[in-house]
Amino acid sequence: MSPRTFRAEILVRRWADFYTLGLETERRRDRQEEISSDLWEHRNYAASEGEKPISTSLSILGRWMAGVPADLSWRASYVLGGTNKKEQQAMSGAKIRNWWQWLAALTAVATIYFGVRQFTTDEVEVGVSAGKIGGLILLIGAGLITFVGLALFGKHPRRGAATVIVGVLPVALVGGLGLGNIVGLISSIVNGQGWWWLPVGVASAAATAAGIGAFSAWWNAPRVGEGPRPSFLVPGLLLAIGVLAAGFGVGTGMFPVAAAGALIALSGIGIWTRRVRATA
Amino acid sequence: MKRRPGTILPIEEAILSAGLDLRHRGSSEFHGFAIARHMETFGEAHQLTAYGTLYKALGRLEAGGLLESRWEDPDVALAEGRPRRRFYRVTGAGERALAAAILERGHGFKLPRTGLASS
(Lines give C-alpha, C1' and ligand atoms only; values in the text may rest on other atoms or scores of the structure.)
Protein backbone atom coordinates (compact mmCIF):
# COMPACT_ATOMS: atom_id res chain seq x y z
CA MET A 1 0.00 0.00 0.00
CA SER A 2 1.37 3.42 -0.91
CA PRO A 3 1.83 5.99 1.89
CA ARG A 4 -0.77 8.27 0.25
CA THR A 5 -3.38 5.52 0.11
CA PHE A 6 -2.53 4.54 3.67
CA ARG A 7 -3.06 8.11 4.88
CA ALA A 8 -6.33 8.43 2.96
CA GLU A 9 -7.58 5.20 4.51
CA ILE A 10 -6.55 6.33 7.99
CA LEU A 11 -8.49 9.56 7.49
CA VAL A 12 -11.64 7.67 6.47
CA ARG A 13 -11.29 5.26 9.40
CA ARG A 14 -10.73 8.06 11.91
CA TRP A 15 -13.72 9.93 10.55
CA ALA A 16 -15.86 6.81 10.96
CA ASP A 17 -14.54 6.43 14.51
CA PHE A 18 -15.49 10.05 15.18
CA TYR A 19 -19.02 10.22 13.83
CA THR A 20 -20.00 6.89 15.34
CA LEU A 21 -18.88 7.96 18.83
CA GLY A 22 -21.59 7.39 21.39
CA LEU A 23 -23.61 4.99 19.26
CA GLU A 24 -24.53 1.59 20.61
CA THR A 25 -21.60 -0.81 20.26
CA GLU A 26 -23.07 -3.06 17.59
CA ARG A 27 -24.20 -0.25 15.31
CA ARG A 28 -20.83 1.47 15.64
CA ARG A 29 -18.87 -1.71 14.97
CA ASP A 30 -21.06 -2.52 11.96
CA ARG A 31 -20.36 0.82 10.33
CA GLN A 32 -16.63 0.71 11.10
CA GLU A 33 -16.26 -2.83 9.77
CA GLU A 34 -18.26 -2.02 6.67
CA ILE A 35 -16.03 0.95 5.92
CA SER A 36 -12.90 -1.16 6.57
CA SER A 37 -14.17 -3.82 4.20
CA ASP A 38 -14.97 -1.23 1.53
CA LEU A 39 -11.50 0.32 1.82
CA TRP A 40 -9.84 -3.07 1.51
CA GLU A 41 -11.94 -4.04 -1.51
CA HIS A 42 -11.36 -0.66 -3.14
CA ARG A 43 -7.60 -0.81 -2.67
CA ASN A 44 -7.30 -4.37 -3.93
CA TYR A 45 -9.58 -3.80 -6.89
CA ALA A 46 -7.63 -0.68 -7.85
CA ALA A 47 -4.34 -2.59 -7.57
CA SER A 48 -5.67 -5.44 -9.71
CA GLU A 49 -6.72 -2.89 -12.35
CA GLY A 50 -3.26 -1.33 -12.31
CA GLU A 51 -4.62 1.98 -11.07
CA LYS A 52 -2.04 4.50 -9.89
CA PRO A 53 -1.89 4.88 -6.08
CA ILE A 54 -2.50 8.62 -6.40
CA SER A 55 -5.76 7.96 -8.27
CA THR A 56 -6.87 5.48 -5.61
CA SER A 57 -6.02 7.94 -2.85
CA LEU A 58 -7.94 10.75 -4.56
CA SER A 59 -10.90 8.48 -5.14
CA ILE A 60 -10.93 7.49 -1.46
CA LEU A 61 -10.67 11.13 -0.38
CA GLY A 62 -13.43 12.17 -2.78
CA ARG A 63 -15.72 9.40 -1.57
CA TRP A 64 -15.02 10.43 1.99
CA MET A 65 -15.63 14.16 1.52
CA ALA A 66 -18.71 13.70 -0.65
CA GLY A 67 -20.19 11.44 2.02
CA VAL A 68 -19.58 13.72 4.99
CA PRO A 69 -23.04 15.41 4.86
CA ALA A 70 -24.72 11.98 4.64
CA ASP A 71 -22.59 10.68 7.51
CA LEU A 72 -23.57 13.63 9.67
CA SER A 73 -27.28 13.37 8.87
CA TRP A 74 -27.11 9.60 9.45
CA ARG A 75 -25.49 10.24 12.83
CA ALA A 76 -28.02 12.98 13.64
CA SER A 77 -30.86 10.51 13.07
CA TYR A 78 -29.57 8.59 16.10
CA VAL A 79 -29.10 11.55 18.41
CA LEU A 80 -32.54 11.12 19.91
CA GLY A 81 -32.52 7.36 20.23
CA GLY A 82 -31.34 5.21 17.37
CA THR A 83 -34.33 2.92 17.19
CA ASN A 84 -35.50 1.25 14.02
CA LYS A 85 -38.27 3.84 13.88
CA LYS A 86 -35.65 6.54 13.87
CA GLU A 87 -33.98 4.82 10.94
CA GLN A 88 -37.28 4.79 9.09
CA GLN A 89 -37.72 8.46 9.87
CA ALA A 90 -34.25 9.10 8.52
CA MET A 91 -35.66 8.20 5.11
CA SER A 92 -37.53 11.47 5.20
CA GLY A 93 -34.17 13.17 5.76
CA ALA A 94 -34.06 13.50 1.99
CA LYS A 95 -36.16 16.61 2.33
CA ILE A 96 -33.16 18.39 3.84
CA ARG A 97 -30.96 17.09 1.03
CA ASN A 98 -30.80 20.51 -0.51
CA TRP A 99 -29.86 22.32 2.67
CA TRP A 100 -26.58 23.35 1.09
CA GLN A 101 -28.41 25.26 -1.63
CA TRP A 102 -30.05 27.46 0.99
CA LEU A 103 -26.70 27.85 2.69
CA ALA A 104 -25.04 28.74 -0.60
CA ALA A 105 -27.75 31.30 -1.37
CA LEU A 106 -27.29 32.88 2.06
CA THR A 107 -23.53 32.87 1.52
CA ALA A 108 -23.97 34.59 -1.84
CA VAL A 109 -26.18 37.28 -0.29
CA ALA A 110 -23.70 37.75 2.57
CA THR A 111 -20.79 37.83 0.10
CA ILE A 112 -22.34 40.62 -1.94
CA TYR A 113 -23.41 42.41 1.24
CA PHE A 114 -19.85 42.34 2.63
CA GLY A 115 -18.56 43.66 -0.65
CA VAL A 116 -20.89 46.66 -0.54
CA ARG A 117 -20.82 47.14 3.23
CA GLN A 118 -17.13 47.99 3.30
CA PHE A 119 -18.00 51.31 1.64
CA THR A 120 -20.47 52.21 4.38
CA THR A 121 -18.24 51.44 7.34
CA ASP A 122 -14.75 52.37 8.46
CA GLU A 123 -14.23 49.26 10.58
CA VAL A 124 -11.32 47.95 8.56
CA GLU A 125 -10.15 50.82 6.40
CA VAL A 126 -11.25 54.44 6.06
CA GLY A 127 -12.63 55.82 2.80
CA VAL A 128 -12.56 54.40 -0.70
CA SER A 129 -9.42 52.56 -1.71
CA ALA A 130 -8.17 50.24 -4.38
CA GLY A 131 -8.34 47.46 -1.80
CA LYS A 132 -12.03 48.03 -1.28
CA ILE A 133 -12.69 48.13 -5.02
CA GLY A 134 -10.76 44.87 -5.43
CA GLY A 135 -12.76 43.35 -2.61
CA LEU A 136 -15.97 44.55 -4.24
CA ILE A 137 -15.05 42.88 -7.55
CA LEU A 138 -14.04 39.68 -5.82
CA LEU A 139 -17.06 39.45 -3.52
CA ILE A 140 -19.73 40.48 -6.01
CA GLY A 141 -18.16 38.18 -8.60
CA ALA A 142 -18.17 35.29 -6.14
CA GLY A 143 -21.76 35.98 -5.10
CA LEU A 144 -22.97 36.11 -8.70
CA ILE A 145 -21.10 32.91 -9.61
CA THR A 146 -22.83 31.19 -6.68
CA PHE A 147 -26.24 32.35 -7.89
CA VAL A 148 -25.46 31.18 -11.43
CA GLY A 149 -24.49 27.80 -10.02
CA LEU A 150 -27.72 27.52 -8.06
CA ALA A 151 -29.73 28.47 -11.14
CA LEU A 152 -27.90 25.84 -13.20
CA PHE A 153 -28.28 23.10 -10.61
CA GLY A 154 -31.86 22.13 -11.47
CA LYS A 155 -31.11 21.10 -15.06
CA HIS A 156 -27.40 20.44 -14.81
CA PRO A 157 -26.59 19.17 -11.31
CA ARG A 158 -22.88 18.62 -11.87
CA ARG A 159 -22.20 21.90 -13.62
CA GLY A 160 -24.37 23.77 -11.15
CA ALA A 161 -22.73 22.23 -8.09
CA ALA A 162 -19.23 22.83 -9.51
CA THR A 163 -20.10 26.48 -10.16
CA VAL A 164 -21.39 26.87 -6.60
CA ILE A 165 -18.10 25.44 -5.28
CA VAL A 166 -16.20 28.08 -7.24
CA GLY A 167 -18.54 30.82 -5.97
CA VAL A 168 -18.33 29.99 -2.27
CA LEU A 169 -14.60 29.27 -2.33
CA PRO A 170 -13.35 32.86 -1.71
CA VAL A 171 -15.48 33.33 1.40
CA ALA A 172 -14.63 29.82 2.63
CA LEU A 173 -10.93 30.61 2.21
CA VAL A 174 -11.25 33.89 4.11
CA GLY A 175 -11.99 31.91 7.26
CA GLY A 176 -9.49 29.17 6.47
CA LEU A 177 -12.30 26.77 5.44
CA GLY A 178 -13.91 27.40 8.80
CA LEU A 179 -10.84 26.26 10.73
CA GLY A 180 -9.40 29.75 11.09
CA ASN A 181 -12.60 31.22 12.50
CA ILE A 182 -11.77 30.81 16.16
CA VAL A 183 -8.24 32.13 15.70
CA GLY A 184 -9.55 35.08 13.68
CA LEU A 185 -12.19 35.91 16.26
CA ILE A 186 -9.77 35.74 19.20
CA SER A 187 -7.22 37.77 17.27
CA SER A 188 -9.70 40.52 16.41
CA ILE A 189 -10.86 40.80 20.02
CA VAL A 190 -7.31 40.75 21.46
CA ASN A 191 -6.19 43.39 18.97
CA GLY A 192 -9.03 45.65 20.01
CA GLN A 193 -10.87 45.30 16.72
CA GLY A 194 -14.02 44.12 18.43
CA TRP A 195 -16.29 41.45 17.05
CA TRP A 196 -16.03 42.38 13.37
CA TRP A 197 -14.61 38.96 12.58
CA LEU A 198 -17.67 37.16 13.92
CA PRO A 199 -19.97 37.69 10.88
CA VAL A 200 -17.01 37.00 8.57
CA GLY A 201 -16.26 33.79 10.45
CA VAL A 202 -19.89 32.68 10.39
CA ALA A 203 -20.13 33.43 6.65
CA SER A 204 -16.90 31.49 6.05
CA ALA A 205 -18.16 28.49 8.00
CA ALA A 206 -21.46 28.61 6.09
CA ALA A 207 -19.58 28.87 2.79
CA THR A 208 -17.41 25.90 3.72
CA ALA A 209 -20.46 23.82 4.64
CA ALA A 210 -22.22 24.88 1.43
CA GLY A 211 -19.09 23.96 -0.53
CA ILE A 212 -18.94 20.49 1.03
CA GLY A 213 -22.65 20.01 0.31
CA ALA A 214 -22.16 21.12 -3.28
CA PHE A 215 -19.17 18.78 -3.63
CA SER A 216 -21.32 15.93 -2.35
CA ALA A 217 -24.03 16.79 -4.90
CA TRP A 218 -21.40 17.05 -7.66
CA TRP A 219 -19.87 13.70 -6.74
CA ASN A 220 -23.17 11.85 -6.48
CA ALA A 221 -24.98 13.48 -9.42
CA PRO A 222 -26.12 10.86 -11.94
CA ARG A 223 -25.44 10.95 -15.66
CA VAL A 224 -29.11 10.59 -16.59
CA GLY A 225 -30.22 12.71 -19.53
CA GLU A 226 -27.02 14.70 -19.83
CA GLY A 227 -25.05 12.55 -22.21
CA PRO A 228 -21.30 13.11 -22.35
CA ARG A 229 -20.42 16.18 -20.35
CA PRO A 230 -17.37 18.35 -20.47
CA SER A 231 -15.19 18.44 -17.40
CA PHE A 232 -15.55 21.63 -15.42
CA LEU A 233 -12.43 21.00 -13.36
CA VAL A 234 -9.84 22.92 -15.39
CA PRO A 235 -12.08 25.85 -16.47
CA GLY A 236 -13.50 26.02 -12.94
CA LEU A 237 -10.03 26.24 -11.43
CA LEU A 238 -9.02 28.89 -13.97
CA LEU A 239 -12.15 30.88 -13.17
CA ALA A 240 -11.55 30.66 -9.41
CA ILE A 241 -7.85 31.52 -9.69
CA GLY A 242 -8.62 34.34 -12.10
CA VAL A 243 -11.29 35.92 -9.90
CA LEU A 244 -9.05 35.65 -6.84
CA ALA A 245 -6.06 37.11 -8.70
CA ALA A 246 -8.14 39.95 -10.16
CA GLY A 247 -9.51 40.87 -6.73
CA PHE A 248 -6.06 40.61 -5.16
CA GLY A 249 -4.46 42.64 -7.95
CA VAL A 250 -6.95 45.49 -7.74
CA GLY A 251 -6.89 45.37 -3.95
CA THR A 252 -3.13 45.71 -3.71
CA GLY A 253 -2.78 48.09 -6.62
CA MET A 254 -0.90 45.49 -8.68
CA PHE A 255 -2.87 46.12 -11.81
CA PRO A 256 -0.84 43.81 -14.08
CA VAL A 257 -1.77 40.99 -11.69
CA ALA A 258 -5.40 42.12 -11.87
CA ALA A 259 -5.30 42.13 -15.66
CA ALA A 260 -3.67 38.70 -15.72
CA GLY A 261 -6.35 37.45 -13.31
CA ALA A 262 -9.10 38.78 -15.54
CA LEU A 263 -7.52 37.07 -18.55
CA ILE A 264 -7.22 33.78 -16.66
CA ALA A 265 -10.87 33.99 -15.59
CA LEU A 266 -11.97 34.78 -19.13
CA SER A 267 -9.91 31.90 -20.49
CA GLY A 268 -11.63 29.59 -18.00
CA ILE A 269 -15.03 30.76 -19.21
CA GLY A 270 -13.88 30.42 -22.81
CA ILE A 271 -12.61 26.87 -22.36
CA TRP A 272 -15.81 25.84 -20.63
CA THR A 273 -17.98 27.42 -23.31
CA ARG A 274 -16.05 25.62 -26.05
CA ARG A 275 -16.33 22.31 -24.26
CA VAL A 276 -20.07 22.73 -23.74
CA ARG A 277 -20.56 23.61 -27.40
CA ALA A 278 -18.41 20.70 -28.51
CA THR A 279 -20.57 18.23 -26.59
CA ALA A 280 -23.93 19.88 -27.31
CA MET B 1 -35.85 16.76 -2.71
CA LYS B 2 -38.89 15.60 -0.77
CA ARG B 3 -39.73 11.93 -0.67
CA ARG B 4 -43.38 11.11 -1.25
CA PRO B 5 -44.74 8.25 0.85
CA GLY B 6 -44.16 4.88 -0.76
CA THR B 7 -41.50 6.11 -3.18
CA ILE B 8 -37.78 5.51 -3.31
CA LEU B 9 -34.97 7.94 -3.98
CA PRO B 10 -32.79 7.75 -7.11
CA ILE B 11 -29.81 6.38 -5.16
CA GLU B 12 -32.03 3.68 -3.65
CA GLU B 13 -33.43 2.86 -7.06
CA ALA B 14 -29.90 2.62 -8.45
CA ILE B 15 -28.86 0.25 -5.64
CA LEU B 16 -31.89 -2.01 -6.10
CA SER B 17 -31.44 -2.00 -9.86
CA ALA B 18 -27.75 -2.85 -9.58
CA GLY B 19 -28.50 -5.54 -6.97
CA LEU B 20 -30.99 -7.23 -9.29
CA ASP B 21 -28.61 -6.90 -12.19
CA LEU B 22 -25.91 -8.63 -10.17
CA ARG B 23 -28.41 -11.36 -9.34
CA HIS B 24 -29.09 -11.84 -13.05
CA ARG B 25 -25.37 -12.18 -13.55
CA GLY B 26 -25.17 -14.91 -10.92
CA SER B 27 -24.37 -13.02 -7.70
CA SER B 28 -27.39 -13.20 -5.45
CA GLU B 29 -25.61 -11.18 -2.75
CA PHE B 30 -23.41 -8.13 -2.91
CA HIS B 31 -21.26 -6.07 -0.55
CA GLY B 32 -20.93 -2.29 -0.39
CA PHE B 33 -17.94 -1.82 -2.66
CA ALA B 34 -19.28 -4.32 -5.18
CA ILE B 35 -22.52 -2.39 -5.57
CA ALA B 36 -20.66 0.94 -5.78
CA ARG B 37 -18.41 -0.44 -8.50
CA HIS B 38 -21.34 -1.94 -10.38
CA MET B 39 -23.22 1.36 -10.32
CA GLU B 40 -20.13 3.14 -11.57
CA THR B 41 -19.47 0.64 -14.34
CA PHE B 42 -22.98 -0.15 -15.57
CA GLY B 43 -25.25 2.40 -13.93
CA GLU B 44 -25.74 6.12 -13.89
CA ALA B 45 -23.08 6.96 -11.33
CA HIS B 46 -19.99 8.52 -12.86
CA GLN B 47 -17.83 7.75 -9.84
CA LEU B 48 -17.80 5.33 -6.94
CA THR B 49 -20.63 6.37 -4.64
CA ALA B 50 -19.49 8.23 -1.52
CA TYR B 51 -19.17 6.15 1.66
CA GLY B 52 -21.72 8.16 3.61
CA THR B 53 -24.27 8.25 0.78
CA LEU B 54 -23.89 4.55 0.02
CA TYR B 55 -24.06 3.11 3.51
CA LYS B 56 -26.79 5.47 4.63
CA ALA B 57 -28.89 4.40 1.65
CA LEU B 58 -28.15 0.71 2.26
CA GLY B 59 -29.23 1.16 5.88
CA ARG B 60 -32.46 2.88 4.84
CA LEU B 61 -33.27 0.15 2.34
CA GLU B 62 -32.63 -2.55 4.91
CA ALA B 63 -34.73 -0.74 7.53
CA GLY B 64 -37.49 -0.42 4.96
CA GLY B 65 -37.38 -4.16 4.23
CA LEU B 66 -36.20 -3.68 0.65
CA LEU B 67 -32.82 -5.28 1.37
CA GLU B 68 -31.65 -7.97 3.77
CA SER B 69 -28.12 -8.28 5.04
CA ARG B 70 -25.87 -10.77 6.79
CA TRP B 71 -22.28 -10.67 7.93
CA GLU B 72 -19.82 -13.05 6.34
CA ASP B 73 -18.35 -15.87 8.43
CA PRO B 74 -15.26 -14.30 10.07
CA ASP B 75 -13.24 -17.48 9.45
CA VAL B 76 -13.70 -17.12 5.70
CA ALA B 77 -12.51 -13.53 5.79
CA LEU B 78 -9.62 -14.46 8.06
CA ALA B 79 -8.55 -17.24 5.72
CA GLU B 80 -8.46 -14.76 2.85
CA GLY B 81 -6.67 -12.13 4.92
CA ARG B 82 -9.25 -9.36 4.58
CA PRO B 83 -11.97 -7.70 6.67
CA ARG B 84 -15.27 -9.58 6.69
CA ARG B 85 -17.90 -8.47 4.23
CA ARG B 86 -21.49 -7.51 4.87
CA PHE B 87 -23.61 -9.11 2.19
CA TYR B 88 -26.89 -7.60 1.00
CA ARG B 89 -29.70 -9.19 -0.96
CA VAL B 90 -32.69 -7.54 -2.65
CA THR B 91 -35.95 -8.75 -1.12
CA GLY B 92 -39.27 -9.33 -2.85
CA ALA B 93 -40.46 -6.01 -1.43
CA GLY B 94 -37.37 -4.40 -2.95
CA GLU B 95 -38.15 -5.86 -6.38
CA ARG B 96 -41.73 -4.59 -6.18
CA ALA B 97 -40.61 -1.14 -5.02
CA LEU B 98 -38.18 -0.91 -7.94
CA ALA B 99 -40.82 -2.05 -10.44
CA ALA B 100 -43.25 0.52 -9.02
CA ALA B 101 -40.62 3.26 -9.29
CA ILE B 102 -39.91 2.39 -12.92
CA LEU B 103 -43.62 2.25 -13.75
CA GLU B 104 -44.24 5.55 -12.04
CA ARG B 105 -41.65 7.23 -14.21
CA GLY B 106 -43.58 6.08 -17.27
CA HIS B 107 -42.28 6.35 -20.76
CA GLY B 108 -40.04 9.29 -19.84
CA PHE B 109 -37.88 7.04 -17.71
CA LYS B 110 -34.46 6.33 -19.12
CA LEU B 111 -33.36 2.90 -18.02
CA PRO B 112 -29.87 2.65 -16.61
CA ARG B 113 -27.25 0.78 -18.56
CA THR B 114 -27.65 -2.46 -16.66
CA GLY B 115 -28.83 -5.94 -17.49
CA LEU B 116 -32.14 -4.93 -15.97
CA ALA B 117 -32.68 -2.58 -18.86
CA SER B 118 -32.68 -5.40 -21.34
CA SER B 119 -34.60 -7.87 -19.22
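In what follows, every chain begins at residue 1, and chains take the letters A, B, ... in the order their sequences are listed.
- Annotation: residues 8-20 of chain A contacts chain B through V12(A) [non-hydrogen atoms, separation under 4.5 Å].
- With sequence neighbours excluded, the residues forming a salt bridge (charged side-chain N to carboxylate O under 4.0 Å, His left out) with R29(A) are E33(A), listed by chain and number.
- A pairwise comparison of heavy atoms in K56(B) and R31(A) identifies N-NH2, 3.7 Å as the closest pair.
- Counting heavy-atom neighbours within 6.0 Å of R82(B) CZ, excluding the residue itself, gives a total above 12.
- Scanning all heavy atoms of the two residues, the minimum distance from A50(B) to G67(A) falls at CB-N, 3.4 Å.
- Residues that satisfy the salt bridge (charged side-chain N to carboxylate O under 4.0 Å, His left out) test with R23(B), not counting sequence neighbours, are E95(B).
- Both the backbone and the side chain of R84(B) come within less than 4.5 Å of a heavy atom of chain A.
- Judged by distance alone, with hydrogens and angles left aside, the side-chain atoms of W74(A) form no donor-acceptor pair with the main-chain N or O of T53(B) at under 3.5 Å.
- Counting all heavy atoms, side chain and backbone alike, Y55(B) lies closest to I35(A) at CD1-CD1, 4.0 Å.
- Residues of residues 38-56 of chain A that come within less than 4.5 angstrom of chain B, heavy atom to heavy atom, are D38(A), L39(A), W40(A), E41(A), H42(A), Y45(A) in numerical order.
- One finds the OG atom of S37(A) at 6.5 Å from the NE2 atom of H31(B) (value rounded to the nearest 0.5 Å).
- Of the inter-residue distances, the one linking R63(A) atom CZ with F33(B) atom CZ reads 6.5 Å to the nearest 0.5 angstrom.
- Within 6.0 Å of atom CH2 in W102(A), 12 or fewer heavy atoms from other residues, nucleotides or ligands are found, so the atom counts as exposed in its surroundings.
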May I have the step-by-step check of side chain to side chain contact (heavy atoms under 4.5 Å, CB included) for Y51(B) and I60(A), ending in yes or no?
CA-CA 9 Å; Y51(B) 302 112; I60(A) 289 171; 3.5 Å; yes
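- There is no contact between L72(A) and chain B, counting heavy-atom distances below 4.5 Å.
- Only the side chain of A36(B) comes within less than 4.5 Å of a heavy atom of chain A; its backbone N, CA, C and O stay farther away.
- Residues Q47(B) and W218(A) have side chains in contact (heavy-atom distance under 4.5 Å, counting atoms from C-beta outward).
- To the nearest 0.5 angstrom, S59(A) atom OG is 7.0 Å from E40(B) atom CD.
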